[in-house]
Colleague: 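The structure that follows is given in the form of structure tokens.
For the single chain, residues carry numbers from 1 onward in sequence order. Computed from a predicted model, the values in this text were never measured in an experiment.
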Amino acid sequence: MSATARILVVEDDPHIRRLVRAALQRAGHAVSEAASAREGLSLLDIEKPDAVLLDLGLPDRDGIELIQIIRARSAAGVIVISAREDTAEKVAALDLGADDYLTKPFDTEELLARIRTVLRHRQSGEAGQTRVVVGDVEIDLARRRILRASTEVHVTPKEYDVLAALARYPDRVISHAQLLRNVWGPAQEQRVDYLRIIVRNLRQKLEADPAQPRLITNEPGVGYRLRVPG
């Protein structure tokens, strides 16, 4: 990033806060720290951060509860950093509006990469973009058209809708339930088998090696992500 970003770290463990602060400052970011939910929400209003790193195990409030509050009060990107590995926790965080989820212990370089992605999306306003290019695949959201190596690829309406839902938020994990609600409606949000069939078909049509997908990747038990290099 060429400009300094403001990052709010909401984490009750002082050791992790020091580790994250050092990594963020080395990357040129300005850092604010909060050890509780109450302090975090106060700093959210005062500092107006570009991104929030949010622990779930806070002493005064469950971090899951804060996601919707942050979303309602700020345009900041939200990355959950938590020791909780339960798939249901990850899905809940993403469904409530978190941009990403990183499980402790984590590599600081991976954390910085996730932050760069969230900041890039925030600055470019990815939800409004109409064209996404990944390698030799071009997804034209305005014309509902998909090209591979400049040749139009025929996809079914459901295949297009799933790919478009991923393309609107590239590099962000979209949960199974979110995709199913968007494409099939709320009554079908448990039918992950529908989604698996569609993703398998898309991989056959778009991936160089469908058995080793690089375009549409799986977050086991959670959802799918459209990978965009860089």
Colleague: So do D140 and R143 actually touch side chain to side chain, heavy atoms under 4.5 Å?
Modeller: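 The answer is yes, as the side chains (C-beta and beyond) meet within the 4.5 Å cut-off.
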Colleague: Could you walk me through whether E159 and R200 pass the salt bridge (charged side-chain N to carboxylate O under 4.0 Å, His left out) test, one step at a time?
Modeller: CA-CA 10 Å; E159 289 168 0; R200 183 182 64 205; over 6 Å; no
Colleague: Where do V199 and V162 come nearest, in terms of heavy atoms and distance?
Modeller: CG2-CG1, 4.5 Å
Colleague: How close do V10 and S36 get, counting heavy atoms only, and between which atoms?
Modeller: CG1-O, 3.7 Å
Colleague: Does the E207 side chain pair with the main chain of R214, one donor and one acceptor, at a distance under 3.5 Å?
Modeller: yes
Colleague: Report yes or no: do I81 and L43 belong to one cluster of Ile/Leu/Val/Met/Phe/Trp/Tyr joined by side chain heavy-atom distances under 4.5 Å?
Modeller: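 Not linked; separate clusters.
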Colleague: Quick one: closest heavy-atom pair of R191 and L180, and the distance?
Modeller: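 Reported closest heavy-atom pair: O-CD2, 3.3 Å.
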Colleague: Charged N to carboxylate O under 4.0 angstrom, E11 versus R17?
Modeller: no
Colleague: Is the shortest heavy-atom distance from the side chain of L66 to the side chain of I64 under 4.5 Å?
Modeller: no
Colleague: Does the pair D99/R172 count as a salt bridge with the N-to-O cut at 4.0 Å?
Modeller: yes
Colleague: Checking R203 side chain against Q212 main chain: does a donor-acceptor pair fall under 3.5 Å?
Modeller: no
Colleague: Would you call D62-R84 a salt bridge at under 4.0 Å N-O?
Modeller: yes
Colleague: Can you check side chain to side chain donor-acceptor pair (under 3.5 Å) on Q178 and S175, steps first, answer last?
Modeller: CA-CA 5 Å; Q178 285 176 293; S175 73; 3.2 Å; yes
Colleague: Within the 4.5 Å heavy-atom criterion, are I69 and R61 side-chain neighbours or not?
Modeller: yes
Colleague: Locate the shortest heavy-atom distance separating A167 from L141; write the atom from each residue and the value.
Modeller: CB-CD2, 4.4 Å
Colleague: Looking at every heavy atom in both G77 and V118, which two are closest together, and how far apart are they?
Modeller: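 In this case the closest contact between G77 and V118 is CA-CG1, 3.5 Å.
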Colleague: Looking at every heavy atom in both A5 and L119, which two are closest together, and how far apart are they?
Modeller: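 So the minimum-distance heavy-atom pair works out to CB-CD1, 3.6 Å.
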Colleague: Would you confirm whether K205, through its side chain, and H154, through its main-chain N or O, come within 3.5 Å as a donor-acceptor pair?
Modeller: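 Yes, the answer is positive, given that a donor and an acceptor are paired below the 3.5 Å cut-off.
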Colleague: Is there a donor-acceptor pair closer than 3.5 Å between any side-chain N or O of D12 and the backbone N or O of L58?
Modeller: no
Colleague: Less than 4.5 Å apart, any side-chain heavy atom of E110 and any of L102?
Modeller: yes
Colleague: Measure the CD1-CG distance between I115 and D100 for me, rounded to the nearest 0.5 Å.
Modeller: 10.5 Å
Colleague: Check whether any side-chain N or O of D55 sits under 3.5 Å from a backbone N or O of V80 as a donor-acceptor pair, and report yes or no.
Modeller: no
Colleague: Taking the side chain as every heavy atom from C-beta outward, state whether V31 and R6 have any atom pair closer than 4.5 Å.
Modeller: no
Colleague: Is there side-chain contact between I139 and L226, with heavy atoms separated by less than 4.5 Å?
Modeller: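 Touching, per the 4.5 Å side-chain cut-off.
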Colleague: Any side-chain to backbone donor/acceptor pair from R73 onto D45? Under 3.5 Å, distance only.
Modeller: no
Colleague: For R114 and I79, indicate whether the former's side chain and the latter's backbone hold a donor-acceptor pair under 3.5 Å.
Modeller: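 Not at all, since once roles are kept as given, no pair shorter than 3.5 Å links the two residues.
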Colleague: In Å and rounded to the nearest 0.5 Å, what is the CG to CG distance from D86 to L56?
Modeller: 11.0 Å
Colleague: Are the side chain of Q188 and the backbone of W184 linked by a donor-acceptor contact shorter than 3.5 Å?
Modeller: no
Colleague: Grouping I, L, V, M, F, W and Y whenever their side-chain heavy atoms are under 4.5 Å apart, do Y194 and Y160 come out in a common cluster?
Modeller: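 Yes; Y160 is reachable from Y194 via cluster members.
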Colleague: Show your reasoning for whether side chain to side chain contact (heavy atoms under 4.5 Å, CB included) applies to V134 and L206.
Modeller: CA-CA 10 Å; V134 188; L206 301 175; over 6 Å; no
Colleague: Judged by atom type as modelled, is there a donor-acceptor pair below 3.5 Å linking the side chain of T87 to the main-chain atoms of G221?
Modeller: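 Between the backbone of G221 and the side chain of T87 there is no qualifying donor-acceptor contact (under 3.5 Å).
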Colleague: Could you tell me whether R196 and D193 have a side-chain N and a carboxylate O separated by less than 4.0 Å?
Modeller: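 Judged by the 4.0 Å cut-off on N to carboxylate O distance, R196 and D193 do not form a salt bridge.
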Colleague: Could you tell me whether the side chain of Y224 reaches within less than 4.5 Å of the side chain of L166, counting heavy atoms only?
Modeller: yes
Colleague: Could you give me the CA-CA distance, side-chain angles and deciding distance for K158 and D161, then say whether salt bridge (charged side-chain N to carboxylate O under 4.0 Å, His left out) is met?
Modeller: CA-CA 5 Å; K158 284 288 190 289; D161 289 343; 5.4 Å; no
Colleague: Go through R225 and D171 one step at a time and tell me if the salt bridge (charged side-chain N to carboxylate O under 4.0 Å, His left out) criterion holds.
Modeller: CA-CA 6 Å; R225 186 194 303 259; D171 271 324; 5.2 Å; no
Colleague: Does some side-chain heavy atom of R144 sit less than 4.5 Å from a side-chain heavy atom of V155?
Modeller: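 In short, these two side chains do not touch, never coming nearer than 4.5 Å.
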